[in-house]
Each structure stands twice: as structure tokens, then as C-alpha cells.
A.B. asks: 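I'd like to ask you about the structure that follows.
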Amino acid sequence: MKRFPAGLAAGLLQLGLLAACAASSPGTAAKAHKEKKVAHEILDLGLTDEDFWKEPFRTRAQIEGKLLDAGQEALLIDAPRVVSLKDRETLPVVVERAATLDHMARLPFRPHAVLTAVDLKTNTVYAYMAIVKNVKEPKRYDGPPLEGMGGEAFVINAKKQLGLPWTPGHLLLSIVMRDQISNRVRVELKKGGYSDPAVAEYLDARERDVEPPAVSPAAAISPLDMKGRDLAKQPPLPCYTRWSGSPEIPTVPGISLLVDRVVPMTPNTACVLRGSFRLPIQDRDKVKHAHAQTQEVFDRPTAVVGITLLLTGSDSAVPVLVPLKVPSYDPLKAETAEATGFFTVDLAKLGNITGLEQTYFIYALSGETMAGPYPMALVQK
Amino acid sequence: MSNHILEWSTLKVRAKVSTGDAKPADFRFHFFKDGKEFEQMPGQEPKGREGSESSDKQELTAQGWVEASLPLPLVDNDKDNYILTYTVTNGKETKSDLPSFTVWPKHGTLKVKDANDPTKVLKGFQFKLMQGGKQQGEIKTITKDDGTYKFDLQPGNGFSIDPVVPSRIVEAGWEKETGRNRICKAIFDFEADFLAPLKGAIRQYVNLAADPTTATAGQDGKGNVLIIKIGVKGDSDKPAKDKLFKPGMVAHVRVTFGPAVGSGAIEKSLRVDPAAKTEIKNELDLSGMAGAGAANVFKAKITLKPDGTGEMKAYLGLAGGDVCKVEIAGSDRFIKENAVAADAVLTITNWRKLYYELMAPDFYATRELVSRVDAVTKTTHLDYPAAALGKLKEIGDTCFIEYVFEAIHTFTAANAPIGAATMSKRFLEMDNSADLAYVLTDYTMNVLPTGAAWANTKNGISNYIKLCDENYYWMDTDSDGNANARKSYASPAITAKKHRIPMAAFDGYFIPVSGLGSGTGAFSVKVADPGAPGFKWKCLVDMDFCKTKVEAIVPSRTAGQDGQHRRVIKVKEANQHLETEIEFLQPKIGNITKDVTAPQKLALEKWLTDRFAPAALKQHGNKISITIVSESGNSRRDDRHNAVKSIIESKLNQLKASHSISVHPGLTDAGVARSGTLAQTCVNMGESTRKEIVIDLPDAAPTDPGTLVGVMSATKCPVKIECFIEAHENALGLCEDANVLACFSKAAARVDVCTTLHELGHSYGMTVFTNADRPPVGMARPKTITQAETIARYKATGTKGNYYDEHEHSGSHCGFGLTDADKTAASFQSAAIGGRARCIMFGSGGVDRTFCPLCIDLIRGTNLKALPVVKGS
């Protein structure tokens with residue numbers, strides 16, 4: 001069955017330029033955190049693993065009824081704890097959302113919900129629209145405030161929607177809607193059937209010998225070349241060493257980002273994102289060449305950490321993923337298994353985002369760490 | 001000057017003795033054949049003429065003549081003639097200045113071999129024997145089994161053979177062209193012609209069912225096997241005796257399957273179908289096939305049967321636009337010489353004929369379709385307007401598909417599927433009119449109107465098209481494992497009879513009848529998910545507002561009279577109009593008591609408790625209004641009053657806390673808030689739109705929500721509505737197998753019919769993207785938007801291929817026209833990208849487009865023998 005929607009009736013977007021206004025947005029981040037708090041009040045939808053395939057909305061009425069009666073908003077997801085690859089062909093993610101009608105109208109789920117998954121083994125991030133439907137797009141609501149509450153619920157086959165590899169591993173799933181984040185749920189994909197401990201041991205051992213991927217995108221300036229440079233000036237990008245625009249390395253595991261709050265759209269628009277990180281690493285992240293820990297050869301990384309930037313727009317939410325393989329030049333501490341470092345990149349060059357005048361909400365994901373949102377508005381000059 | 005004589009003649013030559021005397025025997029005649037002496041003869045006395053021999057002889061002898069009579073030898077077989085000369089000698093004297101003779105053969109023969117098979121002879125070969133530019137005798141026909149003909153010759157000229165049409169000596173066909181006995185290879189040369197189909201250009205509808213084994217297979221234009229019948233040009237109009245046909249006649253044929261590759265225009269389809277090749281075979285009357293090679297050219301011969309006709313089969317394949325060019329001639333010169341044309345050419349172009357049936361309600365059909373006179377049946381029927389038919393033809397021509405109207409089925413609005421003809425254009429925001437609109441959904445897609453049915457007269461090659469003004473649907477699950485629950489709605493407190501539910505929050509539209517494909521056409525609003533149709537309503541009664549009211553105790557004191565022996569205090573309840581008494585008696589000694597005894601107290605408290613009986617309260621306004629009627633005038637009287645009042649106050653306070661009830665019309669007798677279900681009939685269709693459900697709360701009964709709704713009061717209370725809504729989505733069309741649902745309006749006929757064409761494209765197996773999709777057999781998988789496209793005409797711009805899936809579209813589609821930069825975008829659902837898309841198979845519509853070259857090639861290569869097309873067939 002094929003369905004044929006209408007095209008958009010709107011005219012072509014007119015690109016232009018606006019004056020610059022640079023600021024980071026801790027306030028927005030705080031708001032997002034608040035939303036997360038609401039969502040985290042109910043982390044378990046009370047479903048058995050079997051329910052996700054057979055009766056995914058079994059507890060919906062009960063949970064939603066409470067939320068609506070209390071006038072409480074929530075964006076909740078849940079998924080089976082374990083999925084046998086041998087027995088299952090889908091990875092159902094149940095989404096339940098309760099919100100005021102006004103919020104639902106101004107931030108509808110389908111055009112804005114981005115489903116994300118982090119493969120914790122490979123630190124690969126997958127993201128795409130949670131729901132794709134070929135519809136004649138309704139005009140977005142822009143009227144007076146609406147009264148009442150509403151609820152909606154979906155089952156999303158994350159395997160299909162994200163094109164997930166159907167291989168054993170652990171996934172961390174979440175949904176992002178502009179600056180709102182759902183709770184995150186962990187799913188184990190198991191081969192199913194007999195599990196041979198020798199194979200597991202072999203795979204673990206093999207993992208320890210894997211060299212990390214190459215730094216990507218390649219640095220425009222090496223750490224050696226940064227020596228003697230005026231660190232107050234922005235270096236050529238991408239850059240993976242500290243300069244004056246870099247945020248401080250987090251004191252606890254995490255990722256810090258700084259981005260101009262408003263970026264004027266010019267023919268050579270640069271969307272400079274500055275970041276620092278303190279992240280737990282795995283054996284596969286560690287550089288294993290002989291000089292890895294040698295202080296003298298400090299232009300060689302000690303580890304290469306995967307950090308994926310996820311951008312979703314205020315109007316066009318289709319996610320943009322910018323996978324970074326960021327080097328750490330700091331000595332690794334065996335006791336903490338953490339790596340620290342910096343990165344500065346131009347999102348305009350990496351993310352193909354300068355076509356639309358809208359606000360982007362930037363998240364950074366690495367393993368179980370998720371930072372954001374950091375809003376960045378592109379405006380016509 | 002030479003004399004001409006035939007061989008075998010007897011030549012009599014004479015010599016005359018001019019001087020002196022001699023005997024005839026003294027003379028010797030010497031005869032030379034082409035200068036070589038071959039005979040000597042002595043002279044003889046002249047012989048007289050027959051009948052007068054003696055006198056002549058005497059005369060000649062007297063005159064001195066001698067003569068010799070020579071039987072002329074035969075002309076050598078390999079020579080046309082020879083020159084006979086002679087001399088006469090008499091002693092040493094030789095006379096050589098004598099006349100010469102050219103001796104010619106008396107007979108000649110012609111043996112004619114069949115040039116097509118030189119081991120055979122060509123009986124029936126006809127020729128004129130020509131000598132000296134003149135025909136000798138009648139036209140001669142070889143009838144002998146050895147293929148020879150013996151003819152007489154006249155002296156004086158050599159002879160030549162002039163074949164009579166259709167007999168023709170082939171080029172270099174003379175094995176022996178000199179001498180009397182000649183041998184040649186010949187054929188019956190003729191101008192060949194097509195008998196069925198006739199020469200010219202024809203369309204062959206290769207997707208139509210046909211029996212390839214019949215004697216006239218394909219000659220009705222149907223099927224992909226065509227029997228081609230040829231004959232001698234003009235013979236069909238001639239009586240038997242005048243026909244040019246001769247047994248053994250052979251026609252030459254060249255069959256070219258095209259169009260040629262590399263022309264830059266339409267080329268032979270790349271479909272490679274082992275089960276439906278483009279070819280000819282050595283069968284029927286065709287033999288000696290050679291080819292086809294890279295150029296797809298076959299050469300062969302067709303031997304005409306005794307009836308003067310010959311047949312061959314052309315296997316045309318299944319691809320639309322493929323061309324089979326058949327050239328025939330009695331001569332093979334057109335094959336060997338570029339400048340020579342064939343006698344007749346038949347060009348067969350593969351087309352596919354697909355039929356369509358339309359179905360729509362009469363009010364829609366008369367508004368959006370037009371009356372048309374059928375070209376075949378001459379009947380008048382409703383059909384697409386000219387602009388739409390023009391677009392269908394325009395697009396169909398590019399893919400070699402001919403769309404043919406088959407039937408239209410109309411019905412009244414009353415017979416429409418449930419919910420399909422109940423909404424106005426205003427409701428759907430099409431315009432502001434109250435005109436009825438026809439709406440189809442996934443549910444009504446598969447429901448036939450009452451009394452209507454498809455004709456199914458062209459089953460398998462028909463599309464069944466339901467036309468409508470608008471298309472909405474609601475899906476609870478999809479094939480990808482996704483599920484979509486109904487949206488829940490919880491209203492705020494409603495205080496008005498009319499309530500509006502905004503659909504803006506639900507990312508969809510209100511369509512009263514469910515558009516669920518697997519549904520039953522029930523009301524699209526439910527009380528639960530899943531649940532019965534309707535809205536839940538419930539009174540929001542402020543229980544405190546309508547709780548039992550206990551009014552302040554009212555004293556009613558009147559001056560008592562002294563000297564009484566008993567005092568009575570009355571306690572009255574004003575609402576229930578009941579009263580009780582407490583009697584105070586005078587003991588034998590002393591004053592009338594002023595204390596309430598324990599039994600009296602218990603009785604009074606019981607009486608008060610009875611006043612709080614729910615039934616009594618409900619009957620009397622849920623209010624307690626106590627009046628104490630007692631005497632005044634001294635302290636003892638006051639004490640009695642106060643004692644009673646104290647008991648009443650204490651008990652009332654207790655009862656108020658424990659026995660109060662809330663009484664309100666919005667509550668049931670059990671004190672529970674009234675609730676119920678509102679049916680679909682409560683939806684005000686006159687005011688509702690797809691974006692807003694307007695509910696008129698019913699108020700027919702006192703307990704109806706419309707009667708009760710209002711600001712909280714003794715008789716009114718707010719009402720809450722809760723429901724689960726199937727939020728419908730709006731689309732332009734839908735294709736399920738051969739069934740098509742398409743929005744169509746006359747005003748936008750060209751654009752709207754593109755929706756139908758898009759859906760038809762899917763039914764033809766477009767577009768090939770996923771692993772489950774397969775191109776037509778033998779054709780390469782098309783390039784995607786991430787792959788480099790190597791075929792220039794498949795690229796509108798940039799370097800990449802065109803096929804994609806998702807990108808905020810559903811399923812796989814074609815991005816022809818998009819720039820390479822567009823193709824890296826995550827979403828194609830934007831006005832800018834949609835504006836650049838040029839192919840009908842782009843993922844969103846509403847634009848007048850055409851099929852791109854790649855899609856055309858794939859549709860051309862698709863087997864359209866049965867709809868829907870099986871992928872990869």
C-alpha cells in the first residue's frame with residue numbers, strides 16, 4: 001500500500017542576515033532539566049517484556065489518567081529490557097505523553113519527536129524522526145491558548161525507524177523534542193539461544209586489542225602547531241586542543257558545550273561549537289601505540305573518544321548527526337578510566353544546517369552521557 | 001557477307017570452271033570450321049533440282065559447274081556458332097574467295113536450378129527465348145522434372161533467355177551462359193506483401209491476453225506473439241490463373257528489434273526476459289534464420305505454401321515501446337544492398353492497454369466529471385474532463401500505456417458507504433459552502449456503496465479508481481510494527497451547553513466516521529481506547545456547595561403565664577414541617593422542673609437525627625431550620641429554653657458533620673456525580689469542522705448534561721468531557737493492489753490526475769529502492785541518491801541517482817530534479833525541494849509532473865499483464 005501526500009504549499013525560504021548576538025543558554029538547559037524531572041517521575045510503564053509486542057498500551061489508561069487528572073505533563077518511554085534477536089524482528093518503544101492541549105498543539109509529537117539510540121558497545125548514535133508519515137501537513141497551531149489536557153501514545157519500532165543493526169549489544173534509547181528529553185531506557189539485544197562463555201571471553205579480548213578510529217574530522221591544526229599561537233584567537237577548525245574559547249573540562253564525567261546563542265546567516269556562516277569533556281572510556285578508545293603515554297610526543301592522542309552531536313530544529317526537527325572522533329592528549333588515569341579533552345568545530349561545515357532560519361537544539365552524546373540541549377538560533381541578517 | 005544456316009543442314013557448294021575443261025573429279029572441295037579444315041570432298045556433277053533434275057544437270061554441266069554436298073556438323077556445345085568456309089582446288093589452282101557460312105545450333109536447352117537450393121530444379125520457371133531482339137515463339141515454361149527445356153533456334157542470331165516475372169535468374173546465377181545448353185540458377189522473384197497484419201505501423205498490446213498457438217495469434221493486436229502472414233503482392237486481388245505465385249517461392253525477411261541503442265531517444269528496453277524474448281524462430285514457414293547479434297537483427301526466408309502465403313511468428317517481449325521492424329521482399333537485394341528497399345515494411349510497437357473503472361457518487365460525478373461520447377460504443381458516459389484525459393494520454397504515451405475507459409459506477413449519496421457523504425465542503429475547509437463533499441478513507445476504500453459494483457470486465461488489466469473530494473485515514477498499526485493509540489482528551493470544566501474540542505492538539509483532523517482500514521466505519525470518537533463510540537461526560541459537582549445546610553436555631557419566645565403546672569417547649573423543623581415537644585412538669589413539691597431528662601434528651605436527639613434522613617433532606621431542600629418555641633418571662637423559663645437549645649446545637653453540629661449529604665441535580669440519588677455517554681448525534685455538524693468538534697450537550701431531560709451544565713449553583717454544575725479521538729490524516733490518494741483511491745477535482749484536473757498516476761506507478765512496481773523491491777527482469781537496480789549515476793539522461797542535475805526512501809516521505813520514491821545538495825538533506829518534505837522535484841514518483845504531490853526517464857524505462861520494462869505488478873517480473 002502506498003499513500004500519496006500533498007506537497008507543502010509554502011513558498012521558498014528566503015535566506016538573509018541578522019545581527020549577531022552570542023550567548024550560551026544555561027537557562028534553556030535548566031528548563032530541559034526540569035522537563036526531564038517530570039518525565040523521570042515515572043520510569044517504568046509497568047509493562048512486561050512480552051507486553052511490548054502484545055499489549056503495549058495495557059497500562060496507558062492508568063498512567064495517563066493519573067497524569068491528566070493531576071494536570072501533569074510527561075514524556076515517557078519504555079522498551080523491553082531484553083530482546084532476543086533470534087525470536088524478535090522488532091524493537092518496540094512505547095511512548096506515552098501527557099500535556100496541556102496548548103503544548104500539544106504548539107509542539108506536536110510527530111513533526112518534532114526524534115528517537116535516539118546509543119549503542120553502548122560501539123558508542124554509535126542513531127537518530128531519526130520517531131514517526132514518519134506521508135501526510136498533507138496540517139498547519140501548525142498559532143492561535144489563542146487552549147484549555148484542557150491531552151494524551152497520546154505510540155509504539156515505535158526502533159529497529160526499523162533507526163535502521164539498527166540486529167546484533168547483540170546494549171542500547172540506550174530516548175526521545176528528544178526540541179529542548180525536551182524523555183527518560184532514557186536501556187535495552188539489551190541478545191543473540192538468544194545458547195550463550196557460550198568462551199565466545200564472550202574471546203570477544204572481550206578482541207575488544208581490548210582494537211585500535212580506536214582515526215580522529216575525525218581531521219584536525220586543521222595540530223597540538224604542536226598550537227604551541228606559541230595566540231590562544232585568544234580562534235584557531236583553524238576543527239581543533240582539538242584548548243584555546244581561550246574552550247569551556248572548562250567538567251569536574252565530573254560529562255560534556256560541556258559553548259555555542260553562540262544567535263548566529264547570523266551569511267554566505268560564510270560559521271557555527272562554532274566549543275566543547276570539552278571528561279568521559280569514561282573503554283579499551284577500544286585507548287590508543288595502543290608505543291608512544292601513547294609519552295609526554296614528549298604530546299601531539300599523539302592517548303585516546304580517541306566518540307562524541308556525537310545531535311541537532312534538532314525548532315521548525316524542521318529532522319535530526320542532524322555530527323559524529324566526532326575526538327582525541328584526548330591528556331595522560332590516562334588508570335584508576336578512573338576517563339579521558340579528557342577539547343574540541344572546536346564549525347557546525348555549518350559539518351552539519352549542513354544553514355539552509356533554514358530556525359533554532360537548533362544541540363545535544364552531545366557519548367555512551368551513557370548526554371549533554372544538552374544547547375540552543376543556537378540561525379537568523380537572517 | 002556471311003550466310004546463316006542451321007547445323008544439320010546439307011550444304012551444297014559449287015564451283016565453276018571458268019576456262020578450259022575439267023572433270024568434276026578433278027576438283028576438290030575443302031571445308032573449314034572456324035578456319036580449320038575438317039572435310040575434303042571431290043567435286044561432283046551438279047544434281048538437278050528436284051523434279052527437273054535432268055535439264056538442270058545438263059544445263060549446269062554445260063556451264064562447267066561442279067559441286068559438293070556437305071552435311072553440316074553440329075555446333076560445338078560450348079559455342080554459339082561456327083564459321084564455315086571452303087575452298088576449291090583443281091590441281092594447283094585453289095579458289096578461296098568463296099562465301100562463308102555461319103552455322104547456328106538448331107536447338108538449345110535451358111536448365112534452371114533453384115537458386116535457393118541448387119540441388120533442386122525450379123519447375124515453373126518461365127522465359128522468353130530471345131533472338132535478334134525478338135521473342136521466339138510463346139513464353140516457355142519448364143515443366144520437366146529435370147528442370148530443362150529444349151527449344152528450337154533460328155539461324156542468324158544467338159539466343160538469350162529473358163525470364164518472365166516472377167521468374168528471375170539470380171545475380172551470378174548463370175552456371176553456363178554460352179553455348180546451346182545453358183544452365184542457370186533462378187528464383188521466382190516477386191514483390192512480397194503483408195497479408196496480416198497489413199504493412200505499416202501498428203500497435204501491439206503485449207499485455208493483453210492472447211493464445212499464441214492460434215492460427216492468427218496476435219493479429220487482433222493482442223498478445224506478445226504475432227503471426228505474420230505474407231504473400232505475393234497483388235495476388236489476393238487476382239483470379240487464380242493470374243496470380244503470380246509459383247510453388248516454391250521464397251520471400252526474404254529481415255527482422256530488427258529496437259529502437260536502436262545509443263540514439264539518445266527511446267531505446268530498446270533493457271528488460272531481458274528469458275520467458276518472453278524478442279526474437280523469431282525457425283518455425284512455421286520461416287527457415288534459415290541468422291542473427292541476431294548485438295544489433296538485434298534477424299535474417300531469414302519464408303517459403304510460400306501452395307496457397308501462396310507464408311507465415312512466421314514474431315516474439316515481441318513485454319516491454320512497452322520496444323519495436324519490431326519486419327521487412328520482406330521477394331528478392332534478397334534489400335538485405336545485401338543498402339540502396340534497395342524492401343517490398344514492404346511492418347513496424348510493430350509494443351504498447352500496453354490498461355483499463356480503468358471509475359466509481360463516485362452522482363453528486364460528485366456530475367460536478368467533477370464530464371459527459372463524453374464513447375468512441376467505440378457511441379454511448380454517453382461520465383469520464384475525466386479533457387484536461388485530465390490529456391494528461392493521462394501524455395503520460396501514458398511516454399510509457400507506452402494506453403488508458404481506456406471501461407466503466408463508471410455512480411450512486412446516490414444515500415447509498416454511499418457510511419460516513420463518506422455526510423460532510424460539507426465547509427466542514428472540510430474546502431470552501432465555505434454547504435455543498436456535500438465526498439470523502440474516502442482507508443475504510444471506505446474497501447467498502448462498496450450499496451448497489452454498486454465494479455464491472456470487472458477487464459480483470460487483471462484494470463485499475464479500479466474511486467474518486468473523491470478528500471481523502472482521510474487513521475491508522476492504529478502499520479506494517480513496520482508501529483502503533484498509534486487514539487488521542488485522549490480531557491476537557492476543562494465546561495459551563496456552557498456548547499463545547500468545542502480543538503483538534504490542533506492532536507496532529508490530525510476530526511472525521512466523524514473512522515477511517516481505519518480494518519474498522520467498521522464506526523464513530524471515530526470513543527469513550528476508551530479501545531472502547532465504545534461516544535464521549536464520556538461527567539458532572540463536576542461541588543459537594544460542599546450543595547451539602548446539607550443547617551441554619552441557625554431560631555428562638556420563638558412568648559411570655560409565659562404564671563401558675564401553670566407544666567411547661568412545654570416545642571422544637572420545630574420548618575422545612576419538613578415537623579415538631580416535637582419537651583414537657584416539663586411540676587413535682588409535688590417545688591417549681592416546674594427546668595432540666596431535660598435523659599430520656600427526653602435521647603428522644604430529642606433521635607428526632608433531630610431523623611430530620612437528617614437523606615430522603616427527608618432531599619425532599620425538603622437539604623436544609624435544616626430549627627425553631628425552638630418556648631416561654632419567656634423568668635430565668636427558669638430561660639433555663640429550660642437554653643437546656644433544649646444546648647442539646648439541639650450539640651446534636652446539629654454532630655449531625656452536620658456526619659449526616660450531611662450533598663443534594664444536586666448533577667448528583668444521582670446515591671450522591672454520585674452524574675455521568676454518561678454522548679452519542680455521535682451530539683456533534684453539531686453545522687458548526688463543527690475537521691479542526692474542531694462542536695458538541696451540543698443534550699438538554700431534553702432534567703438529568704441531561706445540557707440541562708445541568710452551568711456555573712455551580714443549586715441547579716447547575718460544570719461538566720467535564722473525556723474521550724479518545726482518532727485523529728485523521730489527510731492524503732491525496734492510496735493504492736492497494738489494483739485499487740486506487742484518488743482525490744480529484746475538475747478545476748485542477750491536470751494536477752489531480754497526477755495523484756492517480758503516482759498511485760498507478762506504485763501498482764506498476766515503482767519505485768525500486770529496498771532489497772524487497774526488484775526491477776523488471778534483467779534490468780539493473782536503479783541508482784539511489786547516494787550513488788553516482790552513470791547514465792546521463794537519468795540525471796536532471798548533479799551526479800547522483802534518484803531513488804530514495806523515507807526523508808519524511810513514506811516508502812520509496814524518485815528524486816529526479818533534486819540537486820546533489822538536496823539529496824543530502826534529511827527531509828525532502830519542504831516546499832523548495834518539492835518545487836524542484838520533477839518526477840510523478842516524488843514522495844509528495846499536488847504538482848503537475850511527468851515520469852522521469854529512469855521511471856519511464858522501468859515502467860516500460862515492467863510486465864503489465866496482471867495488476868498489481870509482481871515485483872521483479
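Chain A is the first sequence line, chain B the second, and so forth, proteins listed ahead of strands; every chain is numbered from 1.
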A.B. asks: Of the backbone (N, CA, C, O) and the side chain (C-beta and beyond), which part of A:Phe109 lies under 4.5 Å from a heavy atom of chain B, both, or neither?
C.D. replies: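 Nothing of A:Phe109, per the 4.5 Å heavy-atom cut-off to chain B.
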
A.B. asks: Does B:Lys498 have more than 12 heavy atoms from other residues, nucleotides or ligands lying within 6.0 Å of its NZ?
C.D. replies: yes

A.B. asks: Cation over ring, A:Lys159 on A:Trp166, under 6.0 Å and within 45°?
C.D. replies: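 Yes - A:Lys159 lies over the ring of A:Trp166, closer than 6.0 Å to its centre and within 45° of its axis.
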
A.B. asks: Partners of B:Lys800 by salt bridge (Lys or Arg N to Asp or Glu O under 4.0 Å), sequence neighbours excluded?
C.D. replies: none

A.B. asks: Among the options A:Leu91, A:Thr90, A:Leu146, A:Val320, pick out the one with the most heavy-atom pairs lying under 4.5 Å from chain B.
C.D. replies: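 Highest number of pairs under 4.5 Å: A:Leu146.
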
A.B. asks: Under 4.5 Å from any heavy atom of chain B, what part of A:Arg106 do you find: side chain, backbone, both or neither?
C.D. replies: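 Contact with chain B: none, neither part.
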
A.B. asks: As an exercise: rank A:Glu64, A:Arg60, A:Gln161 by heavy-atom pairs under 4.5 Å with chain B and give me the winner.
C.D. replies: A:Arg60

A.B. asks: Which bit of B:Asn739 comes within less than 4.5 Å of chain A, counting heavy atoms only: side chain, backbone, both or neither?
C.D. replies: neither

A.B. asks: Just grab all the salt bridge (Lys or Arg N to Asp or Glu O under 4.0 Å) pairs involving residues 815-832 of chain B, residues at least two apart or on different chains.
C.D. replies: B:Asp822-B:Arg836

A.B. asks: Give the member of A:Pro92, A:Ala105, A:Ser316 that has the highest number of heavy-atom pairs under 4.5 Å with chain B.
C.D. replies: A:Ala105

A.B. asks: Quick check on the interface: out of B:Ala485, B:Ala493, B:Ala528, B:Ser488, who has the most heavy-atom pairs with chain A under 4.5 Å?
C.D. replies: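 When all of B:Ala485, B:Ala493, B:Ala528, B:Ser488 are compared, B:Ser488 has the most.
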
A.B. asks: If you tally heavy-atom pairs under 4.5 Å against chain A, which of B:Ala504, B:Pro502, B:Gly481 wins?
C.D. replies: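 Of the candidates given, the most pairs with chain A belong to B:Ala504.
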
A.B. asks: Under 4.5 Å heavy-atom distance to chain B, tell me which part of A:Phe57 shows up: side chain, backbone, both or neither.
C.D. replies: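 For A:Phe57, side-chain heavy atoms alone lie under 4.5 Å from chain B.
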
A.B. asks: If I measure from the heavy atoms of chain B, does A:Pro56 come under 4.5 Å with its side chain, its backbone, both, or neither?
C.D. replies: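 Neither part.
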
A.B. asks: Where does A:Leu68 contact chain B at under 4.5 Å (heavy atoms): side chain, backbone, both or neither?
C.D. replies: side chain

A.B. asks: Within a 6.0 Å radius of atom CG on A:Asp142, are there more than 12 heavy atoms belonging to other residues, nucleotides or ligands?
C.D. replies: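 Atom CG in A:Asp142 is not crowded, with 12 or fewer foreign heavy atoms closer than 6.0 Å.
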
A.B. asks: Answer with side chain, backbone, both or neither: which region of A:Ala153 has an atom nearer than 4.5 Å to a non-hydrogen atom of chain B?
C.D. replies: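 Both the backbone and the side chain of A:Ala153 come within 4.5 Å of chain B.
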
A.B. asks: Determine the minimum heavy-atom distance between B:Phe510 and B:Thr689, stating which atoms define it.
C.D. replies: CD2-O, 3.8 Å

A.B. asks: Any carboxylate oxygen within less than 4.0 angstrom of a Lys/Arg side-chain nitrogen, looking at B:Glu722 and B:Arg486?
C.D. replies: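 The answer is no: the pair does not qualify as a salt bridge.
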
A.B. asks: Check each atom of A:Glu147 against the heavy atoms of chain B and say whether the ones under 4.5 Å are side chain, backbone, both or neither.
C.D. replies: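 Both backbone and side chain of A:Glu147 come within 4.5 Å of chain B.
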
A.B. asks: To check you understand the geometry: which heavy-atom pair defines the closest contact between B:Met503 and B:Arg690, and what is its length?
C.D. replies: CG-O, 3.6 Å

A.B. asks: Heavy-atom distance under 4.5 Å to chain B: side chain of A:Asp102, backbone, both or neither?
C.D. replies: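 Neither part.
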
A.B. asks: If the plane angle is over 60° it's perpendicular, under 30° parallel, otherwise tilted; pick one for B:Phe828 and B:Tyr804.
C.D. replies: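 Rings of B:Phe828 and B:Tyr804: perpendicular, over 60°.
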
